[in-house]
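Scroll down for the structure; my scribbles are underneath it.
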Amino acid sequence: MFEAGLFRGLFDVQCFDLKAVESYRRNEAHQAMSASMYANPHNRGAVVNQLDAMILGAAEVDLDFNVNVTTGTNGIIMGGSGGHADCAAGAKLALVTTRLSAGGYPKVVDKVSTVTTPGETVDALVTEEGVAVNPKCAELRDRLRSAGLPVVMIEQLREMAERCTGKLERRSSGKRVVAVVEYRDGTLIDIVRAVE
Amino acid sequence: MRNAVGREIPERIEGYRSVKPFTGAFDNLGIVTKAPVRLSSAMPGKAKVVPNIRAALHACELKDGAIISFHHHLRNGDYVLNMVLEEIARMGLKDIKVAASSLFPVHAPVVEYFGQEVVTGIHTAYISGPVADAISRGALKLPAIMHTHGGRARAIESGDLHIDVAFVAAPTADVYGNINGVEGKSACGTLGYAAVDVMCADWVVAVTDNLVRYPACPIDISQDYVDYVVKVDSIGDPQGIVCLGLRGRQPIRLASRSRKPRRGLLRRRASSQTNFPSRRVQGGIARGRRVFEGDHARAPHSGQFCIGWDHRLHRGHVRGRSFPGAF
């Protein structure tokens, strides 16, 4: 797409496949950026601040639009933010897309097992059954409605998810803190406890 | 104490610095300071090439308790982290903290070093595979510190995360430490994660399987940041950087009644503010490849956007559950 002229420029902290490696080698407008230029909240302006739109995934989303991409439903670590929280904070429009359920577990839940990305930086949740808009984005909600999109309350999505899978029962976790989840500014957004 | 997203956070966490609770996404921006960098200047005539990893570890005066860093540009094809830790274990060093920008299933051997307390701490933005499972079971002595990619850069630059020795898997390096990611059999492209580490670490070691004459061209990381160069047989398998699972994903589609309007989601929002190219943004498990296809994609548009990529693809262990993320 880049070589077809769809984009004027391309930034990569890293390349995700060998074609991207080749493109970086060949194209001047395919530029490298450091992790700091990409997403460091404390520098003089990161690339994430220039994003008009960011499409993000989720393992779980809760009623406050908090997103978990750190632990699975069973509480076991299976990922982490990467740039998730950085891009959500920087982008003008941060969309989280997910199915309502996966593997027999609901993905829209009361409380996520671990908060990776705070709901205040997420604008809308897009699922196959409708779009829920963060209450802080009233203007976005109205625009989507007038565009004829199925805007629903996030509670409705949670109910639909639970109807498919049954209510989520979390395993009790141990006492010991096995991981701390730092937000991009270094403050603690959550902790992960040992799995029993 | 309860933080701004309603999570109960202990006042003190054993093995972690003093707890600062999250208070809001943009609370701590403003005037900041960067930590000074300590480095060892090179005398004219210094030879940077050392015969092996062990020699580099000696040259960097690696001690018990040190923090060493790695980047994940070779992703699930990386050999360098395991290679360095194997040597560290052989030397009998203990209590090492590993600051790796991400950890993948290929790094499974690290788990063995948890038990022996060769490795007692992990700093990372992403972990999948056996290392993640072991940490969740409590196998690591200190709590793992999980940050964001931007948070890692901030921590390193501010001095919150002080790196004693940074190891850079270098697809090409010359004899005086100039590095690029685009030449050599293990070419992995840009080296943006390593770039932060080399600017702030006390010592920097380039580990390469393509040692070339001075000067390498192009240069992604320059000689003034690199102390030593080690030649090894292979730094990794570049095929391992490819995310296989992405191909098999089904896009999420809104229920049929809403297919057409959904295409307007971004367009409407975008029309006044961003002019975002909206056609066929399928979203779903955020994925890049099929987002802009077909003739519509060629219509003139402008805007900046970003698509999250799924790391969680090197993972037989997750039993096929979809688990999307970003970068």
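In what follows, chains carry the letters A, B, and so on, assigned in the order in which the sequence lines appear, proteins first and then strands, with residues in each chain numbered from 1.
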For [X], is it the side chain, the backbone, both or neither that has a heavy atom under 4.5 Å from a heavy atom of chain A?
X	answer
B/Ile13	side chain
B/Asp220	side chain
B/Ala155	neither
B/Leu191	backbone
B/Asn3	side chain
B/Lys34	neither

Quick one: are [X] and [Y] in side-chain contact, heavy atoms under 4.5 Å?
X	Y	answer
A/Leu157	A/Leu100	yes
A/Ser81	B/Tyr126	no
A/Phe11	A/Met37	yes
A/Leu125	A/Val108	yes
A/Val21	A/Tyr24	no

Contact origin within [X] toward chain B - heavy atom pairs under 4.5 Å:
X	value
A/Thr121	side chain
A/Arg176	side chain
A/Val195	both
A/Ala46	neither
A/Val151	neither

Output yes when A/Asp190 and B/Arg7 qualify as a salt bridge under the 4.0 Å nitrogen-oxygen rule, no when they do not.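 Yes, this pair counts.
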Would you check if the side chain of A/Asn68 reaches a backbone N or O of A/Glu60 as a donor-acceptor pair within less than 3.5 Å? no
State whether the side chain of B/Thr124 and the backbone N or O of B/Ile127 hold a donor-acceptor pair below 3.5 Å, judged by distance alone. no
Qualifying residues under salt bridge (charged side-chain N to carboxylate O under 4.0 Å, His left out), relative to B/Arg2, sequence neighbours excluded: B/Glu8
Using a 4.5 angstrom heavy-atom cutoff, name the option from [options] with the most pairs to chain B.
options	value
A/Ala39, A/Gly75, A/Gly90	A/Ala39
A/Val192, A/Ile76, A/Val96, A/Asp64	A/Ile76
A/Ala85, A/Ala194, A/Pro41	A/Pro41

